[in-house]
Amino acid sequence: MNISVTLPDGSIREYDKPVSALAVAEDISPRLADASVCAELDGKLIDLNHIIDHDATLVLHTFKSEAGKETYWHSTAHLMAQAVKQLFPDVLVTIGPAIEQGFYYDFDRDASFTDEELLQIEKRMHELCAQALPYTRTELSKAEAIKLFSDMGESYKLELLDAIPDADIISSYRQGDFVDLCRGPHVHNTTKIKAIKLLKTSGAYWRGDEKNKMLKRIYGISFPTNKELNEYMLFLEEAAKRDHRKLGKDLDLFSMNDEVGPGLVLWHPNGAMIRHLIESYWKEEHLRKGYKLVYTPHVGRSNLWETSGHLGFYNESMYSPMEVEGQDYYIKPMNCPFHIHIYNANHHSYRELPIRLAELGTVYRFERSGVLHGLMRVRGFTQDDAHIICTPEQLDNEVEKLIVFSLDMLKHFGFKDFMIYLSTQPEGSVGEKEDWDKATNSLAASLTKLGLEYSVDEGGGAFYGPKIDIKIKDAIGRAWQCTTIQFDFNLPKRFNMQYIGADNTAHQPFMIHRAVLGSVERFFATLLEYHGGNLPIWLAPTQVMLIPITDGQLDYANELMERMQQSGLRCEIDPRSEKMGYKIREAELKKIPFMCIVGKNEAANGQVTLRQHTKGDLGTMDLDTAIATINSHA
RNA sequence: GCCGAUGUAGCUCAAUGGUAGAGCAAUUGAUUUGUAAUCAAUAGGUUGGGGGUUCAACUCCCUUCAUCGGCUCCA
């Protein structure tokens with residue numbers, strides 16, 4: 001018998017009898033064998049001790065690969081469950097997957113896990129690692145699996161088994177006294193798991209459904225070396241420094257206030273300036289791209305929301321009505337109905353389309369108290385909203401332009417990495433299947449044509465249409481939705497939107513609802529975190545701080561400020577009788593991009609000494625050179 | 001909303017159930033300074049709100065509000 005194993009580099013290794021993946025790894029190098037956590041046999045993930053008994057391609061995964069990390073963390077989750085079961089035998093295990101950064105395991109237990117208990121569990125995990133317990137895979141029939149887990153009293157596992165077809169072969173993994181229902185693969189021994197940190201606890205609904213029981217979740221992470229764990233902990237610390245809530249306070253950008261109410265933002269002058277700059281840019285770009293700016297009211301009569309259907313399908317997110325002269329008015333959770341009425345105020349010919357109505361529209365939505373999160377999730381926010389009304393023929397072109405426009409705008413703010421999602425028709429949606437397909441295909445085709453990678457969220461569209469979402473990550477890797485491009489098959493019909501076609505009859509237009517930044521609040525927060533507070537100079541509320549060394553240079557500094565302001569720079573003076581070092585330190589902490597230091601020498605020669613934030617002294621030069629230098633960074 | 005943690009001066013944080021404190025910031029004064037903190041004085045508080053236990057509560061209990069980390073939901 002001869003078995004040949006093809007490796008990713010194309011090399012082939014021959015064996016005269018079946019071998020384990022681990023043996024192949026050892027054959028290549030002991031170091032690779034040591035670093036490997038799982039393998040991929042003919043594209044299927046396997047355990048390292050899986051026996052290869054046929055000609056096959058083999059990829060060995062170390063912790064460096066995605067699959068390696070996932071296996072490593074998943075195995076750590078099992079290890080944690082084992083420790084928890086040993087320490088707290090009454091706890092029932094449920095599920096425990098690997099996640100993007102680490103793993104979690106959900107347990108059914110009345111009390112929450114305390115910080116002390118977490119340390120206790122962590123300690124037990126290390127002890128179990130030291131015992132060098134092998135992870136062993138066992139395949140069994142569904143009936144056997146049911147017997148196994150019902151003997152253990154693990155009712156949640158039985159519920160999971162329930163969903164598996166009777167004829168399927170089920171795998172379980174055992175290490176020491178712990179058995180878990182699991183597809184695998186796993187590391188082959190607990191010694192593989194070295195550095196462990198249990199990070200936090202939380203509640204989590206069984207199967208993610210809030211009608212179900214709330215379980216107790218423990219999050220953790222693990223690494224092959226302590227060094228990597230320490231680096232990760234450092235990364236979390238660094239990320240905390242970039243948190244927009246901290247930066248918002250430090251740089252005096254915005255605040256929330258108990259008395260004003262949760263989820264309602266107060267924009268301080270510095271934050272308001274940044275917002276103003278974002279919005280001005282946004283307006284100019286939209287005008288350049290053929291959008292028309294509109295303004296609409298903050299409230300609308302109940303009839304409007306009945307026609308739009310919001311009172312039916314969006315009621316939970318809307319605030320209670322206010323009564324005016326016997327009529328109910330609602331504060332708007334969306335801008336669409338108003339934009340539609342602007343469209344409907346006139347008759348439209350197909351020759352006018354597409355019509356693009358844009359507004360920085362402030363909306364108010366009721367968000368449950370537990371979900372509020374800095375500026376990322378608030379109750380009053382401004383959408384950079386627009387509605388594109390077009391003919392079916394114009395659809396593809398509009399979508400494509402829209403995606404390009406969105407990405408260009410995000411890039412202009414410095415963003416580079418995006419996650420793009422295409423969400424398709426969900427259950428119980430409105431509109432014709434034919435239209436859905438056309439719209440979904442149009443979205444997909446545009447993404448493909450532009451060479452963009454995207455994930456499909458099957459059935460994740462709104463009930464009224466498919467959509468494309470673009471997400472950006474925050475400081476600790478949480479993804480936040482910014483751009484959303486949504487079709488709407490619902491409102492054009494409800495509001496009876498029409499245009500007169502070339503055939504001189506009325507047609508219903510297509511409508512795209514879109515926001516590029518998403519909401520100004522969330523975008524602002526993401527922007528702040530992305531740049532760690534060091535905004536690009538065109539967005540810095542103060543671009544230059546003039547620092548006179550003594551009172552003697554105050555007049556000169558004032559003159560400089562005036563000239564800089566004339567040239568369009570946002571410039572301020574620090575006139576206090578503090579030492580220069582103190583003023584510099586403060587300007588640095590405020591993350592002001594440039595400082596102009598002027599002392600006796602500069603005043604005498606009509607010069608300035610320029611200093612760049614985080615970079616330091618750039619030397620002495622005349623004002624025009626300084627202004628040019630500053631502008632070259634814009 | 002649910003599970004848990006937290007809430008003390010503008011900010012960052014101290015204080016066994018026994019007189020609420022520090023640093024920075026602020027104000028006033030002195031200092032006139034050369035690339036990340038000059039010195040001194042002053043002022044600043046119903047310890048998130050309400051209730052309770054106690055001779056005595058920042059500290060213990062109840063309740064409520066907010067924030068933080070998750071879950072569910074979402075721009």
Side-chain angles (χ1 to χ4, degrees), chain A residues 104 106 109-115 199-219 240 243 245-246 249-250 252 255-263 314 316-317 333-334 361 363 365-379 381-385 462 469-471 476 478 480-484 486 513-523 525-526 547-554 576-590 595 597-602 609-620:
Chain A
Y104 68 76
D106 287 347
R109 184 197 194 205
D110 286 338
S112 278
F113 292 98
T114 64
D115 288 351
L199 296 162
K200 59 197 173 194
T201 58
S202 90
Y205 299 109
W206 168 236
R207 298 196 143 174
D209 188 335
E210 65 179 323
K211 289 188 204 76
N212 289 342
K213 183 166 185 184
M214 182 152 270
L215 307 168
K216 302 298 186 292
R217 175 173 296 182
I218 303 177
Y219 285 92
D243 190 307
R245 289 163 298 191
K246 178 173 166 46
K249 199 177 269 177
D250 290 351
D252 196 15
S255 64
M256 315 265 203
N257 177 284
D258 248 28
E259 197 168 292
V260 173
Y314 209 70
E316 282 184 3
S317 298
M334 291 191 193
V363 297
R365 298 181 184 174
F366 169 71
E367 298 284 354
R368 299 203 281 181
S369 58
V371 307
L372 299 174
H373 180 99
L375 293 183
M376 296 288 192
R377 194 75 185 272
V378 289
R379 285 183 174 159
F381 58 99
T382 301
Q383 291 184 305
D384 67 314
D385 212 353
D469 292 327
I470 303 178
K471 297 186 184 184
I476 55 170
R478 288 178 294 205
W480 292 95
Q481 183 178 318
C482 287
T483 304
T484 183
Q486 310 185 344
H513 170 113
R514 46 112 284 181
V516 174
L517 310 178
S519 84
V520 178
E521 285 75 7
R522 177 177 293 180
F523 182 76
T526 319
I547 300 179
I549 291 179
T550 74
D551 292 353
Q553 291 86 46
L554 266 177
R576 296 172 299 176
S577 71
E578 294 289 348
K579 291 177 87 164
M580 179 191 58
Y582 180 87
K583 297 185 193 177
I584 288 175
R585 176 183 159 78
E586 207 147 278
E588 288 284 351
L589 291 175
K590 291 287 176 202
M595 284 147 266
I597 288 122
V598 291
K600 238 184 353 214
N601 302 335
E602 287 83 354
T609 297
L610 198 59
R611 181 191 162 99
Q612 192 178 357
H613 171 54
T614 70
K615 301 250 165 58
D617 197 349
L618 297 183
T620 304

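Quick note on labels: first sequence line is chain A, next is B, and so on, each numbered from 1. Since we're looking at a predicted model, the values are computed, not measured.
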Does A/Glu367 contact B/A75 through a side-chain donor or acceptor facing the base, at a distance under 3.5 Å? yes

When all nucleic acid strands are considered with a 4.0 Å heavy-atom cut-off, which category describes [X]: base, sugar-phosphate, or nothing?
| X | answer |
| --- | --- |
| A/Lys583 | nothing |
| A/Asn601 | base |
| A/Arg368 | base |
| A/Gly374 | sugar-phosphate |
| A/Leu589 | base |

When you check the phosphate oxygens OP1 and OP2 of [N], does a side-chain N or O of [X] lie under 4.0 Å from one of them?
| X | N | answer |
| --- | --- | --- |
| A/Lys200 | B/G70 | yes |
| A/Arg377 | B/G70 | no |
| A/Arg245 | B/G69 | yes |
| A/Tyr104 | B/C3 | no |

Both distances below 3.5 Å, Watson-Crick or wobble geometry, any strand: find the nucleotide opposite B/C39.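 Pairing partner: B/G29.
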
Go ahead and name the base partner of B/A56; Watson-Crick or wobble counts if both distances stay under 3.5 Å, otherwise write none.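 None - no nucleotide pairs with B/A56, as no candidate has both distances under 3.5 Å.
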
Given the C1' atoms of B/A22 and B/G17, what is the spacing between them in whole Å? 23 Å

In whole angstrom, give me the gap between the C1' atoms of B/A15 and B/G29.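 Each nucleotide's C1' atom is 33 Å from the other's.
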
Are A/Tyr219 and the base of B/G70 stacked, counting only ring centres nearer than 5.5 Å and planes tilted under 30°? no

Measuring only between side-chain heavy atoms, which start at C-beta, is A/Met595 closer than 4.5 Å to A/Lys583?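 SC-SC contact between A/Met595 and A/Lys583 ruled out.
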
Using whole Å, what does the distance between atom C1' of nucleotide B/A36 and atom CD1 of A/Ile547 come to? 10 Å

